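Just so you know, these numbers come straight off a predicted model, no measurement behind them.
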Amino acid sequence: MLRTIATAPQFASYASGRELAERSAVNASTVVRTAQMLGFQGWPDFRHAIRAVYLESTSPSDVPSPVDTDAVSTMLRLDTTNVGALATAANIETIRTVAGVIKQSRRTVILTTGSGAGPAHVLGYLGRILGHDIRVADGSATSQTVEVSALGPGDCLVVISVWRLTRVLRELTRVGRQRGASVAVLTDLHSSPLAEDADHLITTPIEGHGALPSLTAMTAAAQAILAALFDSDGRQSARDIEKAWDAIGLLAEDV
């Protein structure tokens, strides 16, 4: 277990106790006991210490460390690190693949709850401007069920899960897969139960200040998908929408 932490500090900085145990080929209870033997209350406390050391080690060597340690400075440093941690070869390839699936899909539904609505609406709104039938389902469980139940083969379901997984997201993800839709999951948990029904999995760190999660890396993943969707057809769709805005006088002429 300690060897895993030493050789894979990024993984250990964000892994659950179960994930670390699986990677280290030990029992989950061993992870807890080891953390306690080292003077920590448990794995979350130990992981926090590992993460602090890891984040410090990833700070750019040519940029002086800020003197400020207030919430604002801390949050900005964490966001920078989170986006950097997102840009793994595996995530980049999966993002390209997900964009390709959305391009080929008849319809895409983005399913999310809570703070996941932020990156969901970025992807949904700009994706529609680029000419894709993308619908954000972040309302009541009944309305989300209606949207997911309309999916079928040739459609795409994008599930965005932040922090605690809700029963609604878990069950509706399963429904989407059973209906034959391609399922892509954006989550902060490597061991998320949603992975069981996901064709494509993108993991994004959400480490924030205190108990506040950061959605910056997850939004960056949505932006990266949009970048891959921005082809010649997307450009033309965006031009057509801008012409429509002009036609109805939506934009202020003096700005």
Side-chain angles (χ1 to χ4, degrees), residues 86 90-204 206 215 217-231 233-234 236-238 240-241:
L86 165 68
N91 275 340
I92 291 172
E93 184 59 31
T94 303
I95 287 170
R96 292 189 181 119
T97 300
V98 171
V101 171
I102 292 175
K103 282 183 181 181
Q104 299 300 320
S105 295
R106 176 180 66 97
R107 174 191 303 158
T108 296
V109 170
I110 305 176
L111 180 68
T112 191
T113 58
S115 56
H121 281 281
V122 169
L123 179 57
Y125 175 69
L126 295 179
R128 288 186 71 87
I129 288 179
L130 295 179
H132 301 279
D133 186 354
I134 302 178
R135 310 175 187 190
V136 177
D138 65 339
S140 67
T142 51
S143 64
Q144 288 180 315
T145 303
V146 170
E147 293 288 354
V148 175
S149 296
L151 295 174
D155 293 329
C156 178
L157 175 64
V158 177
V159 184
I160 300 180
S161 176
V162 181
W163 194 41
R164 298 290 295 275
L165 176 62
T166 65
R167 183 176 292 107
V168 171
L169 279 189
R170 180 68 189 96
E171 296 305 319
L172 287 182
T173 301
R174 182 176 290 122
V175 170
R177 181 167 184 81
Q178 290 172 346
R179 294 194 61 79
S182 296
V183 179
V185 172
L186 277 73
T187 178
D188 59 300
L189 298 175
H190 294 276
S191 60
S192 172
L194 296 177
E196 297 176 13
D197 294 304
D199 298 297
H200 314 287
L201 182 69
I202 302 169
T203 54
T204 67
I206 61 169
L215 279 299
M218 197 164 282
T219 303
Q223 292 284 170
I225 293 172
L226 289 165
L229 293 176
F230 193 66
D231 54 13
D233 291 337
Q236 186 58 52
S237 176
D240 291 342
I241 290 176

Measure the spacing between CG of Leu172 and CZ of Arg170 and express it to the nearest 0.5 Å. 11.0 Å

Distance in Å, Leu126 CG paired with Gln223 CD, rounded so as to fall on 0.5 Å steps: 6.5 Å

Leu151 vs Arg107 side-chain heavy atoms within contact, under 4.5 Å: yes

For residues Ile202 and Ala221, report the shortest heavy-atom separation together with the two atoms involved. CG2-CB, 4.5 Å

Using atom types as modelled and distance alone, determine if a side-chain donor or acceptor of Thr97 lies under 3.5 Å from a backbone N or O of Glu93. yes

Would you check if Glu147 and Gln144 make a side-chain contact, meaning some heavy-atom pair closer than 4.5 Å? no

Is the shortest heavy-atom distance from the side chain of Arg128 to the side chain of Asp133 under 4.5 Å? yes

Might you point out which heavy atoms bring Thr187 and Ser192 nearest each other, and give the distance in Å? OG1-CB, 3.9 Å

Check for a donor-acceptor pair, side chain of Ser237 on one end and backbone N or O of Ile129 on the other, with a separation under 3.5 Å. yes

Okay, side chain of Asn91, backbone of Leu86: is any donor-acceptor separation there less than 3.5 Å? yes

Checking Asp197, Val148, Leu201, Thr173 against Val159 for side chain to side chain contact (heavy atoms under 4.5 Å, CB included), the one that qualifies is Thr173

Minimum heavy-atom distance between Ile102 and Ile134, given as atom pair plus value: CG2-CD1, 4.2 Å

Under 4.0 Å between a side-chain nitrogen and a carboxylate oxygen: does that hold for Lys103 and Asp231? yes

On a heavy-atom basis, the closest approach of Ala150 and Asp155 is O-OD2, 4.1 Å

Please set out all donor-acceptor pairs under 3.5 angstrom arising from side-chain atoms of residues 108-122, sequence neighbours excluded.
residue, atom, partner, partner atom, Å
Thr112, OG1, Ile160, O, 2.8
His121, NE2, Asp138, OD2, 2.9

Identify the heavy atoms of Ser182 and Asp199 that sit nearest to each other, and give their distance. CA-OD2, 3.4 Å

Could you check whether any side-chain N or O of Arg179 sits under 3.5 Å from a backbone N or O of Ser149, counting only pairs where one atom can act as donor and the other as acceptor? yes

Over all heavy atoms of both residues, which pair between Gly176 and Leu157 is shortest? Give the atoms and the distance, please. CA-CD2, 4.0 Å

